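Read through the structure below, which is laid out as structure tokens, and then see the notes.
A, B, ... follow the sequence lines: proteins, then strands. Residue 1 opens every chain. Treat the numbers as computed from the prediction; the structure is a model and nothing was measured.
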Amino acid sequence: MGKKTTVTEENLVIVESPAKAKTIEKFLGKDFLVKSSYGHIRDLSKSDFGVDINNNYQPDYIISSDKKEVVKELKLLAKNAKMVWLASDEDREGEAIAWHLFETLELKEENTRRIVFHEITKDAIQKAIKNPRKIDINLVNAQQARRVLDRLVGFELSPVLWRKVKPSLSAGRVQSVAVRLIVDREREVFAFKPTSSYRVTAIFEVTDDKGRVKELKAELNKRFDTYEQTKAFVEKCSDAEFLVSQVEKKPVKKSPAAPFTTSTLQQEASRKLGFSVAQTMSIAQKLYEAGKITYMRTDSVNLSDLALNMASAQISEMMGPEYVNIRKYKTKAKGAQEAHEAIRPTYLDKDTVAGSAQEKRLYELIWKRTIASQMSDAQLEKTVIHIEAGNTGEKFLATGEIIKFDGFLKVYIESTDNEGEQEENESVLLPPIHEGEVLEMLNVEARQRWSQKPARYTEASLVRKLEELGIGRPSTYAPTISTIQNRGYVEKEDRDGTERHYKHLWLEKGKPVIESEKKEITGAERSKLFPTDIGMVVNDFLVKYFESIVSFDFTAKVEKEFDDVALGNVEWSKSIDEFYKPFHDTVEETLEQSEKSTGERILGVDPASGQQVSVRIGRFGPLAQIGVSSDEEGAEKPRFASLRKGQHLETITLEEALDLFKLPRTLGEFENKVVVIGIGRFGPYIRHDSKFVSLKKGVDDPFEIDLETAIERIKTKREEDLKKIIKEFTEEPDLQILNGRWGPFIKYQKKNFKIPKDKNAEELSLEECKALIEADTKASPKKKTAAKKAATVKKTTATKKATTTKKKTTAKKTK
DNA sequence: CAGTGAGCGAGCTTCCGCTTGACTT
């Protein structure tokens, strides 16, 4: 749409991102028009795999529907340009984009150049223009192999799941491994048996140089396995002498972390700011588009020389030259392609930025991390004081750290995922203590401690694991995490902890030991990824029949193969053929031979009826069942009940399953209508006269509640509802003025309408209400169509994959 | 929103990686 479209330009440069195009255009001057392809412009067609299996896996590429406009414009511009510069990223995907552009725009070799740069700086770009090359067809072929392999795996495997597990499911090289990680971890947690030991700490009294009395906390250098041993030791402490036998001092240095990549940014934003992976990416995108940070999808920890100079100047100015230590970091990530710089502020002299609160916070995080990465090591002195506990043969250790030179710690401290054990990492300043001193004991405390269960994944820690395994790319981490949640394989959830008792011993100077049992809350989870039943069943199915595909090193193996293709040592279609032939055989075999997979577990026998009790995945999710289906005439049908939230096929017990059938429960009658207790999506409820009343949380037990209490709840609900009604009209019972969460509103035929703020709700007449309804429906005709669209989406798709489906429906319409 | 738990079968679902917008209570 730009005005320049019709003008003939000397040079057309095509990059992938429009924001990048804008910046580069400034560097190149008026002879260059810089445009963007918006990523890939073509993809495999969806019919017949988009790949001709019988003809060397010949790909069938079509221009993506949302790229037709872009392609049309680029084609015209390319036709009129004297030279076309393909400046997509220097990695496998970027090379392929260049090649697709070459093919699709019908470019000619003599006036096409391929150029690459890893940083968006004037120097880098001008150097690139001076050093053009040809499209590297081997690298392109490696990308084609990658693309075709992913298509074949995804489009062969998914239909197997439709037949053997449930329709609409999906499997793929990346998502299936992500799910597997989460399922495996859940089972580790389930199998985990905590063991306990006893941790002993003591507080001593110390007088410092100025005569001030201070407390010194120390921990025993061992933990006891049994309560008896612990008690015996604590008792001995009451009259023991505590002698400082050694004061150990050693220098320690700490180094800063590398600048941010996509994955480390996602992790730190999650730990420090509590952002989800998708949130981080969308905020970063905004910062990028505003020119405030460099590109946010990168696996590189490299900073440009320009950035390093800026960092050096900035640190020197803000904190002094002794804080500068310019470093080059090397990536550790498997399969990193390093087409971009690390994520950094565009201008390092800006330590903050205008924008939303979230943008500010993320920017400041990036600024700090970038600056810290170029700062000096922190110099610490670690002190360990050894305190002999009388003649018990044990000793207490007090550790402390003093910072001699703070270095990068002045700006940034990296967080870790460790939960619970933070107190041990606390750095404390120790009072001056000398060897040979005898310390006064104030108290000794011993408490039972339990070993920690394996940590469930957060979105961010899953990304880190995937990156470690070389699975997925910076541009796909966030979408992959959405996919496995949208498919219903995984849920992000909070879980309340459970109460646990622990033993406690307390000894105060000159007093007897106090023994007690205390309570703590343990195992609470916040925003953790849990597998669903369907996720587990699908995973087990894939592991059983397609172990090689969902194995953790599958991607690494095929990447090696792609590397050979990129080097020109192997023909890509041959490499695909070697994989596909046996894979396809397994698919056929599995379709023929495997049973349908429902995750069925037989729990036992129902004592009341003598029938079998089992659980499995049903049409609408996990269910429990009493009895078995039978073809025989007049055979009794089994009874069914859905599993509740938090119950799982794998862990539910016979008793819990039988409990499910106790509801709904009829209590009796009230006002000649039955009162029924049940549990629905929103918890336990009372149903009466086709109205629903929630049970009181934490007070009412759906299995125990009696008719009297239920009636009480119904009555209070009625009173509350009355308060909601502001005005009613006898001539129009469908119309009410109600008090809602956001103030008064009009309810008409089950739809809600706004009341303007300048109107008094109580004084509205029926005519005025109808006028408001009329005005509201007219004012937003879009609302209606949007709602309709949403409804059709809901019909065609079971879960909330609204975004992808919507795109498709609109795409079809515009055709 | 508070249930349902199939084969009278028509046609659809699905992958991974590049990119950005246009959606909504």
Within the 4.0 Å heavy-atom criterion, would you say A/L169 contacts the bases, only the backbone, or no part of the nucleic acid? sugar-phosphate

Using a heavy-atom cut-off of under 4.0 Å over every strand shown, decide if A/Y477 touches base, sugar-phosphate, or nothing. nothing

Classify the nucleic acid contact of A/G39 as base, sugar-phosphate or nothing, counting any heavy atom under 4.0 Å across all strands shown. base

Can you name the closest pair of heavy atoms from A/W162 and A/S168 and give their distance? CD1-N, 3.4 Å

Who pairs with A/V116 by side-chain contact (heavy atoms from CB on, under 4.5 Å), at least two apart in sequence or on another chain? A/E90, A/R114, A/R133

Should A/E93 and A/Q143 be marked as a side-chain hydrogen bond (donor to acceptor under 3.5 Å, both in side chains) after you check the CA-CA gap, both sets of side-chain angles, and the distance that decides it? CA-CA 6 Å; A/E93 297 297 327; A/Q143 193 274 349; 2.9 Å; yes

In short, side chain to side chain donor-acceptor pair (under 3.5 Å) pairs touching residues 147-156 of chain A with sequence neighbours left out are A/D43-A/R147, A/R146-A/D150, A/D150-A/R173, A/E156-A/Y580, A/E156-A/H584

Which residues in residues 160-167 of chain A have at least one heavy atom lying under 4.0 Å from any atom of DNA chain B? A/W162, A/P167

Residue set satisfying side-chain hydrogen bond (donor to acceptor under 3.5 Å, both in side chains) with A/T294, at least two apart, ordered chain then number -> none

Do A/Q625 and A/R639 have side-chain atoms, one donor and one acceptor, less than 3.5 Å apart? no

Please classify the nucleic acid contact of A/S642 as base, sugar-phosphate, or nothing, using heavy-atom distances under 4.0 Å. base

Pick base, sugar-phosphate or nothing for A/V153, based on heavy-atom distances below 4.0 Å to the nucleic acid. nothing

Could you work out, with side-chain hydrogen bond (donor to acceptor under 3.5 Å, both in side chains) as the rule, every residue matching A/R92, not counting sequence neighbours? A/E559

Classify the nucleic acid contact of A/R687 as base, sugar-phosphate or nothing, counting any heavy atom under 4.0 Å across all strands shown. sugar-phosphate

Whether A/F579 and A/F583 hold their rings parallel, tilted or perpendicular, with breakpoints at 30° and 60°: parallel

Excluding sequence neighbours, so at least two apart, what forms side-chain hydrogen bond (donor to acceptor under 3.5 Å, both in side chains) with A/S158? none

NA contact type, A/E156, heavy-atom cut-off 4.0 Å: base, sugar-phosphate, or nothing? nothing

Under the 3.5 Å rule, do the base of B/dC16 and the side chain of A/R146 count as making a donor-acceptor pair? yes

Any base atoms under 4.0 Å from A/E289, or only sugar-phosphate, or nothing? Heavy atoms, all strands. sugar-phosphate

Please list residues of residues 89-99 of chain A whose heavy atoms come under 4.0 Å from any atom in DNA chain B, ordered by number; otherwise none. A/D89, A/E93

C1' gap between B/dG11 and B/dG7, integer Å: 15 Å

Given atom CD1 of A/I686 and atom C1' of B/dC1, what is their separation to the nearest angstrom? 16 Å

Would you check if A/I41 and A/I97 make a side-chain contact, meaning some heavy-atom pair closer than 4.5 Å? no

Who pairs with A/F546 by ring-ring contact (aromatic ring centres under 6.0 Å, His included), at least two apart in sequence or on another chain? none

May I ask you to say what A/G621 touches in the nucleic acid, namely base, sugar-phosphate or nothing, with a heavy-atom cut-off under 4.0 Å? base

Which pairs with one or both residues in residues 157-171 of chain A pass salt bridge (Lys or Arg N to Asp or Glu O under 4.0 Å), sequence neighbours excluded? none

Tell me whether the side-chain N/O atoms of A/S37 come closer than 4.0 Å to OP1 or OP2 in B/dT19. no

Contiguous Watson-Crick or G-U pair runs (3 or more, under 3.5 Å) in DNA chain B: none

Between A/D89 and A/K20, does any NZ, NE, NH1 or NH2 come within less than 4.0 Å of an OD or OE carboxylate oxygen? yes

Heavy atoms only, 4.0 Å cut-off, all strands: where does A/S170 land among base, sugar-phosphate and nothing? sugar-phosphate

Under-3.5 Å N/O pairs linking protein and nucleotides 6-10 of chain B:
from	atom 1	to	atom 2	distance (Å)
B/dA6	N6	A/R619	NH1	3.2

Please identify each residue that fulfils ring-ring contact (aromatic ring centres under 6.0 Å, His included) with A/Y288, with sequence neighbours left out. A/Y295

